[in-house]
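Worksheet: one structure, shown below.
Below, chains carry the letters A, B, ... as their sequence lines are ordered, and counting in each starts from 1. Treat the numbers as computed from the prediction; the structure is a model and nothing was measured.
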Amino acid sequence: MGCGLCEVYCTVQHSKSKDIVKAYNREKPRPLSRVRLEMNKPVSFAIQCRHCEDAPCAQACLTGAMRRNEETGLVTHNQDKCMGCWTCVMVCPYSAIKIDKEGHIIAKCDQCTELETPTCVANCPNSALECKEVKP
Amino acid sequence: MPKYVIVGACAAGTGAIEAIREVDPIGEITVISEETCPTYSRPMISDYVSGKADLEKMKTRDDQFWQKNAVQALTGRKAVSLNTTQKTVALDTGDTVGYEKLLIATGGKPFIPKMEGTNKDGVFTFTTYSDAERLAAKIDVIQAKKVVVIGAGLIGISVTEALVKRGLQVTLVELQEKILSLLLDAKSSDIVENAVKKAGVNIVTGQSVQQIVGKPENDAIVGGVVLTKGEKIPCDLVIVAIGVIPRTELVTGTDVKTNRGIVVDSNMRTNVPDIYAGGDVAEAYDFILNQNRLLPLWPLAVLEGKIAGYNMAGKTTDYAGGTNMSTLKYFGIPIVSIGLANPKEDPALEILVKHDAEKKVYKKLVLKDNFIVGMTFLNEIERSGIVFYLMKNHVNVKKFKHELLTENFGLATLPPSLRKRMHIGE
């Protein structure tokens, strides 16, 4: 339905304060949502990193910042190693990688590993989002 | 005798090790590398010079990478010759290493044009960590103030930005009329040129350096350059960044076929059984030009190495190909440029452009029969990946081509059938 709550919850989850008011009003720059609401009425859906098995971003990464964790199956991004070269942005077929203009690095979905369920999924009022493993 | 021998431990070599280990966990792997440092990011060496990155940050794999993959690493050694009948590689130490499967991933070396003065103290190339280390140290030791960078391609622009960040005064000399001419069209090149000039860089185009001259007090030390038209520019250092050429010396005199680089098939095999090549030394497939060519780009080198590794280990895998594809991050302008982004005049090509001078956004698509064959996105690059997907997967974009350049373009703009194919799971 295109409410955009997934973006709000993602922003808060990736803020320092984990508080919606503080995250939106006080944190400069405002933390980036790693999920993006794609809208072209009547179509709307949320897109975030698919954690591809043969991840083009991890393969193309110039620095080793983007790696696929073989144990968890997640594609992880190490901010300390990122040089902000945007190569992953170029090769992600879903354009699920965001540019953090302030930090000159990228930001993407980490599947909220510290939570039981990713926050966008847990808080989607219409249960439109789910987190599951699929084989293409 | 090791089962697999890999000459070169950079992008392609690393890709090959990982692929081999996916298929064959135990077959012995030996890597021969001239460099003594661990596998690191060559595209990051400009960040080393600017002070933004140290070697630790530059490492592309952790320190145990070789041990974890049970690789015998012969570092600081050079493979000097190859015997394709005996199936051995000779090292500079006099030792020989036998192989069952060999990958030549020797990469490229900087091209240095024939001109007077290239042997002077203060002339640098810029491709390896040791180049960056020596350059950074030299700047400090001689308190360098002025630098001339020859070549305004990716490497030239990256080192120019690093030097500017260190407070040096840079003159960038480019033989072509425009900077970054292999990647960008005139319009986007101008946008970058303005930003580079704004940062205080002196840009000279349409000229080259004809001679590097010494200092008046010591001719052996760089004191300046003389341009083609005769103008002299004083400087303390010269960086030659004209391009790289494949390091094919290892196969010279053998029956391994070379053109400009080593010729390979879609499995990254050379014409000689059990010998593979990948990375900057090889001529691999370009899916836009539909032919093999040199494409010395890091992500493609990793991928070519990976494909070679699979095939060496017995998992037959075809290389889907790459094309001229680069991103730029320099001077505050993010750019993605792929394929025929700057084609010659051709009535068969359709060109769509969006230029918003106020927002400093420039986007261009080059289409042939409604298939994307080239693209440049400047300053608004976040959705470029979807467009690259359409290009790479040969999707006919006739029905939505005008949407591709709009600000709101995204996955939701694509036809439902295509979204289904992409497994978006909406």
#### Entry: Minimum-distance pair of heavy atoms, taken over all atoms of B:Tyr389 and A:Pro93
CD1-CB, 3.5 Å
### Query
Within a reach of under 6.0 Å around CD of B:Gln64, are more than 12 heavy atoms found that belong to other residues, nucleotides or ligands?
yes
### Task
Could you tell me which residues in residues 56-67 of chain A have at least one non-hydrogen atom under 4.5 Å from a non-hydrogen atom of chain B, sorted by residue number?
A:Gln59, A:Ala60, A:Cys61, A:Leu62, A:Thr63, A:Gly64, A:Arg67
### Atom of A:Glu38, atom of B:Arg383 and distance for their closest heavy-atom approach
OE2-NH1, 3.5 Å
#### Entry: Contacting moiety of B:Glu18, where chain A heavy atoms sit under 4.5 Å
side chain
### Query
How many angstroms lie between atom CZ of B:Phe400 and atom CG of A:Asn40, to the nearest 0.5 angstrom?
12.0 Å
### Summary
When the 4.5 angstrom heavy-atom criterion is applied to B:Ser326 and chain A, the contacting part is backbone
### Query
Under 3.5 Å, is there a donor-acceptor pair between the side chain of B:Glu382 and the main chain of A:Ile99?
yes
### Message
Does any backbone or side-chain atom of B:Leu328 lie under 4.5 Å from a heavy atom of chain A? Answer side chain, backbone, both or neither.
### Response
backbone
### Task
Answer with side chain, backbone, both or neither: which region of A:Leu129 has an atom nearer than 4.5 Å to a non-hydrogen atom of chain B?
neither
### Main-chain N/O of B:Lys57 paired to A:Lys81 side chain as donor or acceptor, under 3.5 Å
yes
### Query
Which distance, rounded to the nearest 0.5 Å, do you find between the CG of B:Leu411 and the OH of A:Tyr94?
8.5 Å
### B:Lys52 NZ to A:Met83 CE distance, which is reported to the nearest 0.5 Å
7.5 Å
### Task
Determine whether more than 12 heavy atoms belonging to other residues, nucleotides or ligands lie under 6.0 Å from atom OH of B:Tyr129.
yes
### Message
Atom CD of residue position A:Glu133 - does it have more than 12 heavy atoms of other residues, nucleotides or ligands inside 6.0 Å?
### Response
no
### Task
Can you tell which part of B:Lys392 gets under 4.5 Å to a heavy atom of chain A, answering side chain, backbone, both or neither?
neither
### Query
So with a 6.0 Å cut-off around NZ of B:Lys165, is the heavy-atom count from everything else above 12?
yes
### Task
Evaluate whether atom NZ of A:Lys18 has more than 12 neighbouring non-hydrogen atoms of other residues, nucleotides or ligands under 6.0 angstrom away.
yes
### Atom of B:Met325, atom of A:Val91 and distance for their closest heavy-atom approach
CE-CG1, 4.0 Å
### Task
Measure the spacing between CZ of B:Phe388 and OG of A:Ser95 and express it to the nearest 0.5 Å.
11.5 Å
### Query
Looking at B:Asn393, B:Val302, B:Ile381, which makes the most heavy-atom pairs under 4.5 Å with chain A?
B:Ile381
#### Entry: Largest heavy-atom contact set with chain B, pairs under 4.5 Å, which of A:Met90, A:Lys98, A:Met39
A:Met90
### Task
For atom NZ of A:Lys41, decide whether the heavy atoms of other residues, nucleotides or ligands shown that lie under 6.0 angstrom number more than 12.
yes
## Note on the structure
Assert top hit (heavy-atom pairs under 4.5 Å, partner chain A, pool B:Gly15, B:Pro299, B:Ala53) equals B:Pro299
